[in-house]
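Because the structure is predicted, anything quoted here is derived from the model rather than measured.
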Amino acid sequence: RPDTELHATNDKKLMIFQPRSTDGLWPVMKGESFGIWVNDRGPESYYAWADPAKVTKHLQEKRLRSAKSRRDSAHAEFPLAHLRDPKTLPCYRPRIAFRDVSRATDTRTVRAALLPPKVLCANQAPYFLWPAGDAKDEAFLLGVLCSVTLDWYARRYVETHLNFFVLNPFPIPRPSRSDPNRQRVVTLACRLACASPDQLKALWNGKSTVKSEKRNVAGLMKSTRDLKRVASRASSRKTYAAVSRTSARKAAAVASREV
């Protein structure tokens with residue numbers, strides 16, 4: 001379920017825009033703070049900074065109110081024991097966020113990324129809550145959201161914002177866990193979203209071993225090489241096609257002059 005964390009206007013009092021030092025502060029990310037398979041574009045792209053002690057207290061109170069007062073709240077789907085534990089706040093773990101401001105004329109319309117833990121999201125960067133499912137489900141969703149196929153579909157409906165009412169009806173496939181295509185999407189999404197063993201360990205909820213982390217990092221490097229080879233072949237095909245079109249035009253021009 002998509003949700004928002006901090007509102008740029010209503011929660012402005014919790015944000016620090018020009019801190020003298022960022023020690024002990026958490027970044028507040030906006031849509032431009034991340035991109036497809038890029039989970040952090042650096043401090044210059046942040047919306048603001050915030051004191052984690054103040055913000056987490058505010059977020060804990062906010063989600064308890066939301067779960068009690070709104071039946072359609074995503075927080076209401078979680079067990080009460082989960083909601084009462086401040087350590088279960090989404091900001092303490094990696095999560096998928098996406099850009100709210102988007103247009104069909106942009107190079108990509110859906111821009112999602114796996115954000116690292118201990119970062120906050122302004123309303124320009126909604127994120128996904130997971131009342132059910134596990135890390136593999138998140139990885140599969142991330143892979144689908146970052147696919148060109150879904151982006152093609154989104155361009156038919158997105159105008160200036162990727163609103164929740166536009167996002168919710170997206171045709172996200174739901175293959176079985178044993179489906180090889182689903183497993184392949186999960187594997188590739190993990191490799192592309194995680195640039196280090198620490199990120200991989202966080203995504204898999206700390207269940208991976210040192211050996212599995214080494215294998216995944218090796219797989220990440222292999223995946224990168226594979227992507228480069230694919231890009232190289234695609235570039236060669238484009239060059240060949242361009243030369244063929246040029247040759248055809250020249251042949252047509254010569255034929256027209258002879259006539």
Atom NZ of Lys12 and atom CZ of Phe17: how far apart are they, to the nearest 0.5 Å?
-> 5.5 Å
Value rounded to 0.5 Å, distance of CG in Leu120 from CG in Leu59 = 6.5 Å
Check: Tyr47/Asn123 side-chain N/O donor and acceptor closer than 3.5 Å = no
Phe170 and Tyr153 aromatic ring geometry - parallel, tilted or perpendicular at 30°/60° bounds = perpendicular
For Gln60, which of Arg63, His58, Lys57, Lys62 qualifies under side-chain hydrogen bond (donor to acceptor under 3.5 Å, both in side chains)?
->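 With Gln60 as partner, Arg63, His58, Lys57, Lys62 yield a single side-chain hydrogen bond (donor to acceptor under 3.5 Å, both in side chains), made by Arg63.
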Name of the residue among Arg111, His161, Gln124 meeting side-chain hydrogen bond (donor to acceptor under 3.5 Å, both in side chains) with Asp100 |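 So the option named by the test is His161.
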Testing the basics here: between [X] and [Y], what is the closest heavy-atom pair and its distance to 0.1 Å?
X: Val119; Y: Cys91; answer: O-CB, 3.7 Å
X: Trp49; Y: Pro19; answer: CD1-CG, 3.7 Å
X: Asp3; Y: Phe164; answer: N-CZ, 3.8 Å
X: Ala189; Y: Ala139; answer: CB-O, 3.2 Å

Pairs flagged by salt bridge (charged side-chain N to carboxylate O under 4.0 Å, His left out) wherever residues 148-163 is involved - sequence neighbours left out |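 Residue pairs passing salt bridge (charged side-chain N to carboxylate O under 4.0 Å, His left out), neighbours aside: Arg108-Asp151, Asp151-Arg155.
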Residue among Asn163, Asn168, Leu129 satisfying side chain to side chain contact (heavy atoms under 4.5 Å, CB included) with Pro2 =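 Among the candidates, only Asn168 passes.
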Output yes when a side-chain donor or acceptor of Thr88 lies under 3.5 Å from a complementary backbone atom of His82, and no otherwise.
-> yes
Main-chain N/O of Pro126 paired with Thr4 side-chain donor or acceptor, under 3.5 Å =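 Judged by distance alone, no pair lies under 3.5 Å.
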Ser147 and Thr149: side-chain hydrogen bond (donor to acceptor under 3.5 Å, both in side chains), yes or no, with the steps?
-> CA-CA 5 Å; Ser147 68; Thr149 305; 4.8 Å; no
Cluster link [X] to [Y], ILVMFWY, side chain under 4.5 Å:
X: Leu114; Y: Ile172; answer: yes
X: Leu142; Y: Leu192; answer: yes
X: Val38; Y: Ile96; answer: no

For residues 23-35, run the donor-acceptor check on the side chains, cut-off 3.5 Å, and write out each pair with its distance to 0.1 Å, sequence neighbours left out.
residue : atom : partner : partner atom : Å
Asp23   : OD2  : Ser21   : OG           : 3.3
Ser33   : OG   : Lys30   : N            : 3.0
Ser33   : OG   : Lys30   : O            : 3.3
Ser33   : OG   : Ser45   : O            : 2.8

With a cut-off of 6.0 Å (strictly less than), are more than 12 heavy atoms of other residues, nucleotides or ligands near NZ of Lys13?
-> yes
Considering residues, nucleotides and ligands other than Arg84, do more than 12 of their heavy atoms fall under 6.0 Å from its CZ?
-> no
